[in-house]
Asker: 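Sharing a structure with you now.
Labels below follow one simple rule: chain letters A, B, ... track the order of the sequence lines, proteins then strands, and each chain is numbered from 1.
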Number of protein chains: 2
Amino acid sequence: MATRTRNTERREDALSKERIIEAAVEMLDAGGESALTFRALSATLKTGPGAIYWHVANKGELLTAATDAILTGAMPPADAGGTPQEAIRAVAIGVFDAIEAHPWAGEQMSQLASQSTTLRVFERIGRQVQALGVPGPAQFFAASALLNYILGVAAQNAAMARSVQQGTDRTEVLDMVAALWNSLDTDEYPFLRTIAAQLRDHDDRAQFLAGVDLILAGIATLTRPA
Amino acid sequence: MATRTRNTERREDALSKERIIEAAVEMLDAGGESALTFRALSATLKTGPGAIYWHVANKGELLTAATDAILTGAMPPADAGGTPQEAIRAVAIGVFDAIEAHPWAGEQMSQLASQSTTLRVFERIGRQVQALGVPGPAQFFAASALLNYILGVAAQNAAMARSVQQGTDRTEVLDMVAALWNSLDTDEYPFLRTIAAQLRDHDDRAQFLAGVDLILAGIATLTRPA
DNA sequence: ACCTGAACACCGTTCAAGT
DNA sequence: ACCTGAACACCGTTCAAGT
């Protein structure tokens with residue numbers, strides 16, 4: 001039954017950076033950053049820990065590469081058409097959904113200043129900010145505001161996902177947070193207690209988009225000065 | 001010369017959570033999160049590693065406590081007066097400056113969803129959003145947008161600070177980032193190359209505040225609906 | 001009640017040695 | 001060129017034992 005095996009199928013179990021990243025993403029998805037271990041990884045790949053170091057410089061590079069792999073696939077095509085606002089929303093939602101599916105990447109992104117993934121998102125947003133007609137000097141901080149907001153939400157979602165024991169339900173988590181907010185001192189935390197009620201039936205994704213639109217509304221004031 | 005030593009001064013070297021946190025902050029300031037080790041910490045405090053565990057549950061709690069200590073002192077007084085916008089800017093700048101002085105705390109904040117520090121900032125912002133006259137249902141996402149933007153910037157600054165070798169100059173770092181942006185492909189990264197020039201004489205703090213104002217401008221559109 | 005410090009169960013990383 | 005796996009230099013954390 002091995003007769004049909006040709007050269008092309010040979011050594012499909014050979015180590016490569018791609019296979020390492022693929023296995024790393026699986027481990028990260030399963031158990032977060034602490035689950036990614038060179039020992040566990042090399043066991044999965046049926047090699048020694050040292051073998052990985054021939055393809056990857058260190059754990060940091062592996063984490064960066066894994067984050068890149070996730071987010072490259074998550075970005076919508078650049079020529080999608082539509083208004084600049086729609087294009088910005090599409091990029092933002094792409095990042096958001098990717099982080100929701102792979103929370104460990106959220107931690108990574110906000111730790112990776114000027115890394116290729118972040119740069120690509122920044123570029124995409126910046127181009128649309130230009131298309132909106134924001135004057136030159138303001139383009140930088142307008143695009144930065146959007147990027148930092150997106151990264152901030154990404155990190156918060158990652159943190160939330162990590163604090164959740166696997167198996168805990170989504171609404172269960174919201175209930176716990178709402179309970180925490182309600183347990184706060186009424187005099188010191190009036191605002192949080194007020195919105196605790198809204199937490200239960202609130203939609204993370206819709207709220208995230210509302211934030212994007214809020215910043216877009218602010219950007220709009222830059223294009224038609226008072 | 002020990003005659004004047006009274007009971008009050010006795011055992012001033014006794015271990016306490018406060019002394020542990022104080023020492024931890026010093027180590028974090030000196031070398032970032034990786035410099036904080038229970039062994040190094042106990043050596044500084046002249047005890048064994050186990051002693052620390054009597055006052056602190058684990059490293060995570062210590063990190064949280066250290067972050068709290070930094071940010072509690074950084075927040076402006078709640079009754080500072082002025083417009084809601086000014087109050088929001090004051091809180092934002094308080095966080096920004098604290099992170100600039102203690103970059104490790106920036107990493108921490110964005111990993112600590114619903115932690116006391118973050119909740120306090122959220123509360124302060126939320127109250128001012130209410131004061132601005134934002135209608136009830138929109139208060140939540142308006143305050144969230146501001147908070148997430150602030151946390152996003154905090155994390156980016158922390159990441160930047162960590163990537164910088166100690167001793168590297170500030171302008172030197174900006175030059176390196178500008179050089180990186182300029183080295184990008186012209187066709188793929190036109191926006192980044194355009195703003196790379198602005199990077200050299202750009203003021204992080206002013207840019208951060210411009211972002212806050214941008215979101216405030218967006219929030220203003222919520223109070224007087226079209 | 002509070003502290004000691006050896007020991008446990010891990011890490012990331014290196015490197016001589018193999019093929 | 002690529003892989004092996006023992007070894008190094010660490011970690012956070014525990015816990016019997018001390019005072």
Asker: For A/Leu41 and C/dT13, what is the distance between atoms CG and P respectively, to the nearest whole Å?
Answerer: 12 Å
Asker: Once you measure the plane-to-plane angle for A/Phe140 and B/His202, does it fall in the parallel (<30°), tilted (30-60°) or perpendicular (>60°) bin?
Answerer: parallel
Asker: Mind calculating the distance between CD (A/Glu33) and P (C/dC11) to the nearest angstrom?
Answerer: 13 Å
Asker: Take the protein atom CZ of A/Arg39 and the nucleotide atom P of C/dT13, then report the distance between them rounded to whole Å.
Answerer: 11 Å
Asker: Take atom CG of B/Leu15 and atom C1' of C/dC2, then tell me their distance rounded to the nearest Å.
Answerer: 9 Å
Asker: With side chains defined as the heavy atoms from C-beta onward, is the minimum distance between A/Ile195 and A/Trp181 less than 4.5 Å?
Answerer: yes
Asker: In plain terms, say whether B/Lys17 and B/Glu61 are close enough for a salt bridge, that is, a side-chain N and a carboxylate O under 4.0 Å apart.
Answerer: yes
Asker: Here's a test of your reading of the structure: between B/Gly48 and A/Leu36, which maps to the more 5' nucleotide of DNA chain C?
Answerer: B/Gly48
Asker: Any ion pair linking B/Asp97 and B/Arg205 (charged N to carboxylate O, less than 4.0 Å)?
Answerer: yes
Asker: Could you label the plane-to-plane angle of the A/Tyr53 and A/Phe38 rings as parallel, tilted or perpendicular, counting under 30° as parallel and over 60° as perpendicular?
Answerer: parallel
Asker: Atom CG of B/Leu63 and atom P of D/dG12: how far apart are they, to the nearest Å?
Answerer: 10 Å
Asker: I need the residues from residues 49-59 of chain B with at least one non-hydrogen atom less than 4.0 Å from DNA chain D; give them sorted by number, or say none.
Answerer: B/Gly50, B/Tyr53, B/Asn58, B/Lys59
Asker: According to the Watson-Crick and G-U wobble definition with distances under 3.5 Å, which dot-bracket string, read 5' to 3', encodes DNA chain C, using [ ] for crossing pairs and | for pairs with another strand?
Answerer: ||.|||||...|||||.||
Asker: Stepwise, does the ring-ring contact (aromatic ring centres under 6.0 Å, His included) test hold for B/Phe141 with A/Phe208?
Answerer: CA-CA 8 Å; B/Phe141 75 76; A/Phe208 168 68; over 10 Å; no
Asker: Can you tell me how far P of D/dG5 sits from CG of A/Leu45, to the nearest Å?
Answerer: 14 Å
Asker: Does any donor atom in the side chain of A/Ser144 or B/Gln207 lie under 3.5 Å from an acceptor atom in the other side chain?
Answerer: yes
Asker: In whole angstrom, give the distance that lies between atom CZ of A/Phe38 and atom P of C/dC10.
Answerer: 18 Å
Asker: Is a salt bridge present between A/Glu107 and A/Arg162, judged by a nitrogen-to-oxygen distance below 4.0 Å?
Answerer: yes
Asker: Under the side-chain contact (heavy atoms from CB on, under 4.5 Å) test against B/Ile20, which residue among B/Leu45, B/Val25, B/Thr44 passes?
Answerer: B/Leu45
